[in-house]
Amino acid sequence: MNFPLLRRLAAATFLLLASAATCAELPGRPPMTRLSPTLDVYPQNFAVTQDTAGVIFVGNSDGVLTYDGVRWELIALPNQDIVRSLSYDPVTKRVYVGGFGLFGYLEPARDGRYRFTDLTPQFAASLEGRALADIWSIYVTPDAVFFAAVKDLFRYSPESGKTGHWFHEGRFGAGLWKDGSFLIQWRGEGIKRLRGDRFELIAGTETL
């Protein structure tokens, strides 16, 4: 019988068992903090973002919840409805808000508290009386902010106040800013790139 080999095998087995026991005792836990709003709001949230000062913004069923590390506050929208999407712009210091039937932005006032500005009235003529549902996505780009609903896409320029609107019966998909251009999926047609005020189809994306 090869006793040296048996001893080596026994030592290796012991090391494996010791390593397994150590892993079982130290499962590991990622650094995280659980935050629970101290407000009387419905416990359903849809979006979250944070400004450069560290204030956390949460899109909630009752509006926008803010947390500065000490206290929670609720900023209700004019229609008292849900907030579906949020996006922070570090350049303008604005938090863009997408709700149900309206959208706009939160901006810090002189007292440091955020105030909501409704942009929806600027697009009333474009909607032509059609009801606007949820704003599902917000894209902040260097020269404009895009608010995407299911069939409507809105553009707002913070500097000039210029607006734009596009309607797509086939519904909009995901969008992104890439190589100096805004791209978004026009379902059933393909991915289009914004050139000026018109979207142009990117060849070869028809099957996407």
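Values below: every heavy atom of this structure, side chains too, minus hydrogens, waters and symmetry copies.
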Tell me the closest heavy-atom pair linking [X] and [Y], and the distance in Å.
X	Y	value
Gly173	Tyr139	O-OH, 4.1 Å
Tyr42	Ser61	CD2-OG, 3.7 Å
Asn60	Val41	OD1-CB, 3.8 Å
Tyr96	Ile138	O-CD1, 3.4 Å

So, do [X] and [Y] sit near enough that their side-chain heavy atoms are less than 4.5 Å apart?
X	Y	value
Phe100	Arg84	no
Leu201	Trp186	no
Phe46	Asp134	no
Lys151	His168	no
Ser85	Phe147	no
Thr120	Phe103	yes
Leu153	Phe182	yes
Val150	Trp136	yes

[atom1]-[atom2] distance between [X] and [Y], expressed to the nearest 0.5 angstrom:
X	Y	atom1	atom2	result
Ser137	Leu86	OG	CG	11.5 Å
Leu77	Asp62	CG	CG	10.0 Å
Arg193	Ile202	CZ	CD1	4.0 Å

Salt bridge (Lys or Arg N to Asp or Glu O under 4.0 Å) involving Asp51 - partner list, sequence neighbours excluded:
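So Asp51 forms no salt bridge (Lys or Arg N to Asp or Glu O under 4.0 Å) with any residue.
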Check salt bridge (Lys or Arg N to Asp or Glu O under 4.0 Å) between Arg195 and all other residues, then give those that pass, not counting sequence neighbours.
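Testing Arg195 for salt bridge (Lys or Arg N to Asp or Glu O under 4.0 Å), a comparison that skips the adjacent residues, returns Glu200.
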When you look at [atom1] of [X], are more than 12 heavy atoms from neighbouring residues, nucleotides or ligands closer to it than 6.0 Å?
X	atom1	value
Asp111	CG	yes
Arg71	CZ	no
Glu159	CD	no

Any chance the side chains of Tyr88 and Thr52 put a donor and an acceptor closer than 3.5 Å?
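Per modelled atom types, Tyr88 and Thr52 side chains form a pair under 3.5 Å.
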Under a plain distance cut-off of 3.5 Å, with no hydrogens placed, do Asp89 and Ser87 share a side-chain donor-acceptor pair?
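The answer is no; no qualifying pair exists.
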Applying side chain to side chain contact (heavy atoms under 4.5 Å, CB included), run through Leu74 and Val64 and close with a yes or a no.
CA-CA 6 Å; Leu74 168 65; Val64 179; 6.0 Å; no
Set out, in order, the CA-CA distance, both residues' side-chain angles and the distance that settles salt bridge (Lys or Arg N to Asp or Glu O under 4.0 Å) for Arg115 and Glu107, then state yes or no.
CA-CA 5 Å; Arg115 302 288 189 271; Glu107 191 171 38; over 6 Å; no
Checking the side chain of [X] only, and the main-chain atoms of [Y] only, is there a donor and an acceptor separated by less than 3.5 Å?
X	Y	value
Tyr156	Leu119	no
Asp118	Gly104	no
Glu189	Arg187	no

Evaluate the side chain to side chain contact (heavy atoms under 4.5 Å, CB included) criterion for residues Val145 and Thr92: first the C-alpha distance (whole Å), next the side-chain angles of each, then the deciding distance (0.1 Å), finally the verdict.
CA-CA 11 Å; Val145 181; Thr92 61; over 6 Å; no
Would [X] end up clustered with [Y] when hydrophobic side chains under 4.5 Å apart are linked, directly or stepwise?
X	Y	answer
Ile135	Trp166	no
Tyr105	Phe123	yes
Val97	Leu102	yes
Phe146	Phe172	yes
Tyr67	Leu65	yes

Step by step, work out the side chain to side chain contact (heavy atoms under 4.5 Å, CB included) result for Arg155 and Leu194.
CA-CA 11 Å; Arg155 179 180 63 185; Leu194 183 61; 3.5 Å; yes
Holding to side-chain contact (heavy atoms from CB on, under 4.5 Å), I want the full list of residues that pass it with Ser160, two or more places apart in sequence or in another chain.
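Partners of Ser160 under the side-chain contact (heavy atoms from CB on, under 4.5 Å) test: Ser157, Lys162.
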Give the intermediate values and the outcome of side chain to side chain contact (heavy atoms under 4.5 Å, CB included) for residues Tyr114 and Thr66.
CA-CA 9 Å; Tyr114 278 81; Thr66 67; 5.7 Å; no
